[in-house]
Q: 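This structure is in structure tokens; I'll ask about it shortly.
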Amino acid sequence: MKAVRTDAPWSGNYVRDTLGVDVASTPGHGVLPVEALVGLALRRNPKRAHLLVSRVLAKHVPTEPGITTSAGWLLALLIRREHEGSAGHAASAGLLTAVIDEAADRLGQLLAVGPGRDGDASPADPADPQAREGPAKRDERQARASAVTDLCALLAGQQTELPGAVTIGYAETATGLGQLVAGQLGTYYIHSTRQGSGGVAPYGAFEEMHSHATSHQLLPTSRAALDRAETVVLVDDELSTGATIINTIRELHNTAPHRRYIIASLVDLRSDADRNQLDALALEIDARISAVALAQGSIQLPATLAADAAELIGSLPRPHPSVRGRGQVRLLDLAGVVPPIRSARFGVAGRADPRQAAEIADALAATLSASSGDSRHTGATAGARVLVLATEEFMALPLAVAARLQELCPDTDIRYSTSTRSPIAALDEPGYAIRSGIAFDSDDDAPDGPGPRFAYNFAHPGGLFDTVVIMAEPGTPESQLLATGRIAEAVAGSGADVQLVLLPCQAPRQAPRRAPRQAPLPTRFPAPLLGPDFGSYAPDDVQWLLKDLSFAQLEAPRAEREAAIQSGKASYAESLPQEFEPSPEYGALFQAALGSSAARIAHAVGTLTEQVLKLRGNAPVLVSLARAGTPVGILMKRWALEVHGLDLPHYAISIVRGLGIDQTALGYLAAHHRPEDIMFVDGWTGKGAIARELAAAVELFQKTDGPAFRPDLAVLADPGHCVRIFGTREDYLVPSACLNSTVSGLVSRTVFNKALIGPGDFHGAKFYSELAGSDVSNGFLDAVAAHFPGVRDEVTAAAAHAPADIGGLPEADWSGWAAVEDISRSFGINNVNLVKPGVGETTRVLLRRVPWKVLVRPEAVPELAHVLHLADQRGVEVLEVPGLAYSCVGLIHPLHTPGATGADGRSVVDV
């Protein structure tokens with residue numbers, strides 16, 4: 001069969017007219033016609049001869065970044081309407097319809113009028129940007145750019161949060177589309193991949209039989225988000241038969257059942273028989289399955305298509321090489337300039353930090369502007385054409401960069417597309433969707449090994465670019481991009497100058513698992529522990545997100561624990577210090593301290609609670625860091641109830657230095673509450689290590705599981721100046737620091753020991769019910785709460801003028817950390833972990849660790865009776881240090897070995 005010419009405007013007419021392939025829209029379905037969204041081309045693939053070439057996806061056609069973005073965001077609105085309509089929110093779904101219709105109409109108009117349909121620049125002189133853009137053309141382009149910006153703004157205003165949902169995009173074509181959807185819906189996002197696992201155990205795998213590369217796998221570093229999702233949104237660019245979707249749902253449902261699946265695509269061309277298969281699957285697995293698409297229709301495929309297409313491809317003329325000569329290659333290495341980039345193949349928060357794309361775009365804009373001063377380069381001059389070329393699965397961030405680059409360079413025509421694995425026949429005909437192509441070799445980390453890769457539609461005369469910015473997969477070595485036969489050389493062969501961007505890669509960090517193929521994590525979380533079955537607090541006071549380890553023998557002598565911890569052989573969280581009943585003398589010190597400080601503590605509790613209520617709109621969820629934060633959380637809960645009539649939820653969770661917050665507990669909180677309502681609570685700050693640990697832990701959780709908790713930490717006392725939300729910054733004794741479990745609900749410090757804590761478990765703790773005779777936990781709470789009426793008026797009057805935004809609170813200047821570093825150097829320790837500043841931390845050193853020295857500020861001595869008593873009991877040297885930043889500082893023995901003694905030579909004595 002011989003090739004024929006057509007002059008029709010639709011980029012599918014050539015294949016339709018020569019081979020009889022045709023598409024049609026289904027009346028009353030979808031929001032755009034099929035022909036507006038796709039053209040047609042021919043694959044070099046015997047499994048499927050035809051190819052739907054999207055005009056909005058930017059996989060094969062260089063596209064304005066705003067068009068690609070708006071198509072993804074519009075698809076997200078269809079998903080949201082489907083979700084809300086089925087959930088009984090018909091009113092809100094109706095309001096969405098008006099926005100959807102308006103956005104679809106605007107997008108359809110933009111697709112109908114250009115610019116240069118399907119990527120053509122239509123230049124008078126492709127090598128001269130000034131010649132191809134006169135005043136009229138410039139005005140037309142600016143008017144169009146304004147219309148695209150307005151459309152994106154309309155859709156951006158519809159961002160929302162879809163609780164209990166995750167979004168999965170398909171490699172390689174829909175990885176960017178899926179992330180656009182996830183960002184608009186505020187869900188966790190992961191895309192399937194054909195790349196190597198990076199050491200991450202696969203969650204599931206499925207086949208896409210018609211594809212050039214068929215095998216997909218999911219590689220989440222945290223399985224929790226997928227395991228516990230109620231709704232799974234599956235995003236692909238097109239649905240032809242739905243077979244890949246069926247394979248995916250079966251695999252996901254066998255691993256962890258879900259209530260609902262929503263399938264979203266740009267174009268849905270399934271037959272009635274295909275749709276019936278999906279309905280049958282829904283009945284089989286007892287789940288709701290529905291589908292939405294921007295366009296819905298049908299496709300006509302002749303029976304002889306495969307043979308006819310192969311004959312036609314064999315007769316096509318060979319593409320002509322560029323007449324412009326070879327472009328120059330420049331390198332922009334952003335390693336050390338931008339933070340390492342996490343691949344969405346390992347799971348990410350759907351709504352990316354816009355600063356990431358902005359930093360890269362800023363660097364690119366500066367580089368392009370600098371190159372425009374060179375007479376050999378057009379760079380970012382007015383009228384120049386710049387293509388941001390992403391690579392295979394790495395689509396979402398380059399798209400965001402292209403969009404930002406267009407904002408920074410409004411007089412430059414910015415387009416965006418990506419390379420691909422798919423071999424497609426190219427033909428420079430107006431009615432054919434793939435006008436030109438380049439091929440190059442790749443050594444990427446893929447299970448099927450290296451092979452040829454391709455990029456399309458920027459090497460023919462009507463589609464040339466002045467500069468092509470190649471954004472390779474983060475972490476790709478420079479040598480793999482610049483070697484002979486690789487992408488930089490191939491792109492430069494089109495005549496365009498090449499700006500090659502190297503980006504740093506964040507290595508995946510997988511949550512620990514016992515075995516690669518262990519049974520999946522439970523889809524339901526463990527139940528919280530409550531008193532009196534666990535702990536001596538009332539069940540209404542606190543819910544412990546912990547595992548009861550009361551059966552386990554975890555205690556070890558202090559000398560042995562300290563040696564193991566400092567030698568690095570064990571984490572301090574793997575064992576517990578031995579718990580003892582306090583001596584009568586020490587009990588009397590506690591009562592005296594409580595009597596003298598209860599009113600001051602009540603005032604600080606009130607001040608702290610009023611701040612938290614303002615910052616969280618009178619509806620905070622208190623999450624105390626066990627165990628020092630738990631009495632404070634209970635007191636805050638009591639203040640809110642007594643003063644405001646508010647019954648606040650209160651949980652206690654584990655945080656471990658070096659390991660962070662219990663990720664299972666965070667998952668529980670995200671499943672039961674809005675993450676933005678959470679307020680973390682602790683007793684006091686020392687040098688701020690826990691504040692730093694908290695920030696790192698919630699950032700990691702967002703990357704692995706999706707929900708974004710604020711790293712706000714509210715503390716009763718902040719002598720270290722490490723937080724912005726505090727009751728006081730004075731360093732005085734909080735009596736709950738004087739004792740261990742007997743003032744903390746008879747609960748131990750938290751434990752993370754892999755022999756006892758498995759996947760899906762909360763961190764653990766013990767309930768020392770045998771110490772009930774010495775328990776003063778509730779007595780401490782009652783003594784402080786008795787002073788609430790006396791401080792109420794003063795506290796509430798001051799709170800009336802407090803800011804409702806954390807930005808208005810006093811800064812955290814971390815002066816305590818600086819003081820700790822100075823002490824560490826002055827005493828030759830050179831390890832800040834062995835310096836414990838403040839009354840609370842010094843008390844802990846004396847109770848739990850092997851102390852070396854105690855430093856005290858002379859004027860604070862009258863309030864440190866319990867510290868001096870403990871130091872005497874343990875034979876620890878006390879040094880008065882004028883000008884000390886804290887009331888006292890405890891130093892842990894820096895060269896500890898079993899049998900260490902105090903400064904006076906006496907062996908360690910337990911209190």
Side-chain angles (χ1 to χ4, degrees), residues 10-12 15-16 21-40 48 50-57 59 67-68 70-86 93-94 96-112 155 167 169-170 173-174 177-178 180-181 184 208 210 233-246 248-249 260-282 288-301 433:
W10 180 49
S11 60
V15 174
R16 182 191 64 190
V21 178
D22 201 7
V23 297
S25 298
T26 302
H29 293 79
V31 294
L32 287 166
V34 174
E35 297 90 337
L37 294 177
V38 299
L40 293 172
R48 179 180 289 182
H50 70 286
L51 177 69
L52 297 176
V53 179
S54 174
R55 298 185 58 232
V56 298
L57 186 66
K59 178 47 103 169
I67 292 292
T68 301
S70 60
W73 287 354
L74 178 57
L75 182 60
L77 289 193
L78 297 183
I79 298 166
R80 178 180 166 189
R81 182 174 64 179
E82 173 71 15
H83 185 271
E84 292 182 354
S86 64
L96 270 180
T97 297
V99 178
I100 290 169
D101 290 345
E102 172 68 17
D105 182 64
R106 293 192 195 183
L107 180 58
Q109 292 182 42
L110 287 164
L111 292 172
L155 292 164
T167 302
Y170 284 91
T173 53
L177 178 65
L180 285 170
V181 167
Q184 189 76 342
E208 184 181 12
H210 68 268
V233 178
L234 297 167
V235 180
D236 209 350
D237 60 315
E238 64 170 272
L239 291 182
S240 297
T241 65
T244 304
I245 294 291
I246 290 174
T248 305
I249 292 176
R260 175 125 198 231
Y261 299 87
I262 300 177
I263 303 155
S265 61
L266 297 174
V267 176
D268 184 350
L269 300 180
R270 291 175 299 151
S271 67
D272 289 340
D274 294 330
R275 297 174 193 278
N276 290 339
Q277 286 189 20
L278 205 61
D279 293 339
L281 176 63
R288 181 182 174 92
I289 304 176
S290 57
V292 297
L294 295 189
Q296 184 175 316
S298 59
I299 186 167
Q300 175 182 309
L301 300 173

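Basis for what follows: all heavy atoms, side chains included, without hydrogens, waters or symmetry-related copies.
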Q: Quick one: which of Ile263, Leu266, Leu278, Leu269 gives a side chain to side chain contact (heavy atoms under 4.5 Å, CB included) with Leu239?
A: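 Testing each of Ile263, Leu266, Leu278, Leu269 against Leu239, the sole residue satisfying side chain to side chain contact (heavy atoms under 4.5 Å, CB included) is Ile263.
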Q: If you measure from the Lys or Arg side-chain nitrogens to the Asp or Glu carboxylate oxygens, is any gap between Glu82 and Arg260 under 4.0 Å?
A: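 Here Glu82 pairs with Arg260 in a salt bridge, since their nearest N and O are under 4.0 Å apart.
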Q: Nearest 0.5 Å, what's the CG-CG distance between Leu78 and Leu96?
A: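 Atom-to-atom, Leu78:CG and Leu96:CG are 9.5 Å apart.
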Q: Using the side-chain contact (heavy atoms from CB on, under 4.5 Å) rule, take Trp10 and Val23 through it: C-alpha gap first, then chi angles, then the decisive distance, then the call.
A: CA-CA 12 Å; Trp10 180 49; Val23 297; 3.7 Å; yes
Q: Are the side chains of Leu40 and Val21 in contact, using a 4.5 Å heavy-atom criterion?
A: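 Yes, side chains in contact.
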Q: Apply side-chain contact (heavy atoms from CB on, under 4.5 Å) to residues Asp22 and Arg16 and explain how you reach the verdict.
A: CA-CA 5 Å; Asp22 201 7; Arg16 182 191 64 190; 3.4 Å; yes
Q: Less than 4.5 Å apart, any side-chain heavy atom of Thr173 and any of Glu238?
A: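 With C-beta onward as the side chain, the pair stays apart.
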Q: Once side chain to side chain donor-acceptor pair (under 3.5 Å) is applied, do any residues pair with Asp268, and if so which ones, sequence neighbours excluded?
A: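 Scan of Asp268 (side chain to side chain donor-acceptor pair (under 3.5 Å), adjacent residues dropped) gives Arg270, Arg275.
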Q: Tell me, please, which residues at least two apart from Thr26 pass side chain to side chain donor-acceptor pair (under 3.5 Å).
A: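 For Thr26, no residue satisfies side chain to side chain donor-acceptor pair (under 3.5 Å) once neighbours in sequence are set aside.
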Q: Is there a donor-acceptor contact under 3.5 Å linking the side chains of Tyr170 and Thr248?
A: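 Their side chains do contain a donor-acceptor pair, which is all the 3.5 Å distance test asks for.
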Q: Taking only residues two or more places apart in sequence or in another chain, which ones pass side chain to side chain donor-acceptor pair (under 3.5 Å) with Asp274?
A: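 Checked Asp274 against side chain to side chain donor-acceptor pair (under 3.5 Å); matches are Ser271.
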Q: Of Val267, Ile100, Leu74, which is the lone residue that meets side chain to side chain contact (heavy atoms under 4.5 Å, CB included) with Leu294?
A: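 Result: among Val267, Ile100, Leu74, Leu74 is the only option passing the side chain to side chain contact (heavy atoms under 4.5 Å, CB included) with Leu294.
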